[in-house]
Asks: 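Below is the structure I would like to discuss, written out as structure tokens.
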Amino acid sequence: MNTNKTDIFQRLKRVTFEDFKQMALDNTLSTHEKIGFPDSYRQDYTKAIVEDISRKIPAFAERQKTILDIGCGCDELAINIIKYCEKQQHRLILIDSNEMLSLLPNYEFVEKYPCKFPENDTFISRYRDSVNGILVYSVLQHIILEANLFSFIDKALELLKAGGTLLLGDIPNISKRKRFFSSPSGIKTHQNFTGTDEIPQIKFLNIEHEKIDDAIVFAILQRYRSFGFETYLVPQHTTLPMATRREDIVIVKPQ
Ligand SMILES: C[S@@+](CC[C@H](N)C(=O)[O-])C[C@H]1O[C@@H](n2cnc3c(N)ncnc32)[C@H](O)[C@@H]1O
């Protein structure tokens, strides 16, 4: 992958686990860019994101729980999650590539597990039914590029303790994006961003390959309800930068 800074938006359109490893090693990139975000999408937002997460994963705000962050990256968000878990005396397990994890500090209460989830049966048998809160933040859109989304979520749910919560956070939903850019405030946002008075092009009769849409979001909600979990589609707090086109799914394992 070409890591020239000039075409950041183009480059960040389709990023796989292997691409992320290369980005983690590229010292010309900021930590926001290493995890696939232009600086403007993450700078100064981390505190609000952690607050939003702590409202959605109850165990996060409790004490002495086991928290797992799958696809934690190496950015301020991961650092703030580490700090938050230290304050709450949690045990924190971080999963990502070795290249990403080695950019994060080491602590006794943090276990780093380098792997491409869920390709590690030893990890899954070790932590089955034992995790109170699982965070998968801004990761699903990359999983869909090279794996089966449902297998990924199935395996994550195997790790949850009864009463525990899985947050599939910051999911870019192409259907939600289309609705937003058809609305007056979406049109205004587009015009401010491009510095033009053009109307955003919304394409229908267009197969959205490798994108998450309403059909996939609702299928996730329905699949795990049918297995006995509670599932909820929840908005992001309006202070978050992508709240108009991203949303979160909360899945709770009954007690
Ligand atoms: C967009 S970044 C998000 C990082 C972090 N969650 C955040 O929001 O700041 C996606 C991260 O997921 C990781 N990732 C992608 N696929 C993964 C997989 N199958 N298992 C573990 N990590 C994965 C990437 O290496 C990358 O660090």
Side-chain angles (χ1 to χ4, degrees), residues 1 3 8-9 11-26 29-54 56-57 60 67-85 92-104 111-124 127 133-156 159 166-172 210 212 236 240-243 245-249:
M1 157 183 253
T3 48
I8 184 94
F9 280 97
R11 281 192 293 112
L12 297 180
K13 277 198 168 152
R14 188 183 193 287
V15 190
T16 64
F17 189 71
E18 284 304 315
D19 294 328
F20 276 117
K21 285 187 187 175
Q22 298 310 315
M23 288 154 73
L25 295 171
D26 184 342
L29 300 179
S30 70
T31 58
H32 306 301
E33 290 166 348
K34 282 176 191 288
I35 61 147
F37 285 105
D39 289 338
S40 58
Y41 284 25
R42 271 298 173 94
Q43 222 143 23
D44 304 325
Y45 287 111
T46 314
K47 194 166 167 276
I49 297 174
V50 175
E51 279 167 11
D52 204 43
I53 291 169
S54 68
K56 291 169 180 165
I57 304 182
F60 215 66
I67 305 291
L68 166 64
D69 185 349
I70 305 176
C72 59
C74 63
D75 195 21
E76 270 167 46
L77 181 60
I79 305 274
N80 278 294
I81 285 170
I82 293 173
K83 284 188 190 152
Y84 188 95
C85 288
L92 174 63
I93 308 159
L94 299 175
I95 291 188
D96 209 307
S97 64
N98 196 35
E99 288 79 351
M100 281 289 172
L101 292 178
S102 57
L103 296 171
L104 292 172
E111 184 188 341
K112 292 179 176 175
Y113 215 99
C115 77
K116 185 177 184 183
F117 190 86
E119 293 177 6
N120 193 313
D121 292 338
T122 320
F123 178 83
I124 291 171
Y127 285 102
I134 305 178
L135 175 62
V136 179
Y137 202 82
S138 217
V139 175
L140 277 199
Q141 67 271 33
H142 303 288
I143 303 303
I144 198 174
L145 303 178
E146 45 186 358
N148 181 318
L149 273 188
F150 293 117
S151 306
F152 180 95
I153 303 169
D154 290 356
K155 290 288 177 188
L159 305 172
L166 165 66
L167 173 61
L168 302 169
D170 206 33
I171 303 171
E210 301 187 329
I212 298 174
Q236 297 197 327
L240 298 193
M242 303 293 277
R245 39 244 204 246
R246 295 191 175 204
E247 56 197 343
D248 296 352
I249 293 176

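In each ligand, atom 1 is the first atom listed, and ligand 1 is the first ligand listed. Quick note: numbers below take in every heavy atom, side chains included, and nothing from hydrogens, waters or symmetry partners.
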Asks: Could you tell me whether Leu77 approaches ligand 1 through its side chain, its backbone, both or neither, with non-hydrogen atoms closer than 4.0 Å?
Replies: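 The answer is the side chain of Leu77.
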
Asks: So, 4.0 Å and heavy atoms of Lys21: is ligand 1 close enough to count as a contact?
Replies: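 Distance cut 4.0 Å: Lys21 fails for ligand 1.
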
Asks: Minimum distance, heavy atoms only, to atom 10 (C) of ligand 1: which one of Ala78, Ala24, Gly73, Ser138 is it?
Replies: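 Minimum heavy-atom distance to atom 10 (C) of ligand 1 goes to Ser138.
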
Asks: Verify, without hydrogens or angle tests, whether Lys34 (side chain) and Asp75 (backbone) share a donor-acceptor contact under 3.5 angstrom.
Replies: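 Flag not set: sc Lys34 to bb Asp75 has no pair under 3.5 Å.
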
Asks: Is there at least one pair of N or O atoms, one from Gln141 and one from ligand 1, spaced under 3.5 Å apart?
Replies: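 No - when backbone and side-chain N and O of Gln141 are compared with those of ligand 1, no distance drops under 3.5 Å.
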
Asks: Any sub-3.5 Å donor-acceptor pair from Lys112's side-chain atoms to Leu101's backbone N or O?
Replies: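 Yes.
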
Asks: List the steps and the verdict of side chain to side chain donor-acceptor pair (under 3.5 Å) for Ser30 and Asp39.
Replies: CA-CA 8 Å; Ser30 70; Asp39 289 338; 2.6 Å; yes

Asks: Quick one: side chain to side chain contact (heavy atoms under 4.5 Å, CB included) partners of Glu119, sequence neighbours excluded?
Replies: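 By the side chain to side chain contact (heavy atoms under 4.5 Å, CB included) rule, Glu119 matches Lys116.
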
Asks: Within the structure, does Phe117 bring an N/O atom to less than 3.5 angstrom of an N/O atom in ligand 1?
Replies: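 In this structure, Phe117 places an N or O atom under 3.5 Å from an N or O of ligand 1.
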
Asks: Can you find an N or O of Arg42 that's nearer than 3.5 Å to an N or O of ligand 1?
Replies: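 There is such a contact, yes.
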
Asks: Side chains of Ser151 and Asp154: is there a donor and an acceptor less than 3.5 Å apart?
Replies: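 Per modelled atom types, Ser151 and Asp154 side chains form no pair under 3.5 Å.
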
Asks: Please confirm whether His142 comes within less than 3.5 Å of ligand 1 when only nitrogen or oxygen atoms on both sides are compared.
Replies: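 It does not: no N or O of His142 is found under 3.5 Å from an N or O of ligand 1.
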
Asks: What I want to know is whether Phe37 and ligand 1 share at least one N or O pair that is separated by under 3.5 angstrom.
Replies: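 Such a contact does not occur with ligand 1.
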
Asks: Among Pro114, Cys115, Pro118, Cys72, which one has a heavy atom closest to atom 21 (C) of ligand 1?
Replies: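 When every heavy atom of Pro114, Cys115, Pro118, Cys72 is considered, Cys115 comes closest to atom 21 (C) of ligand 1.
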
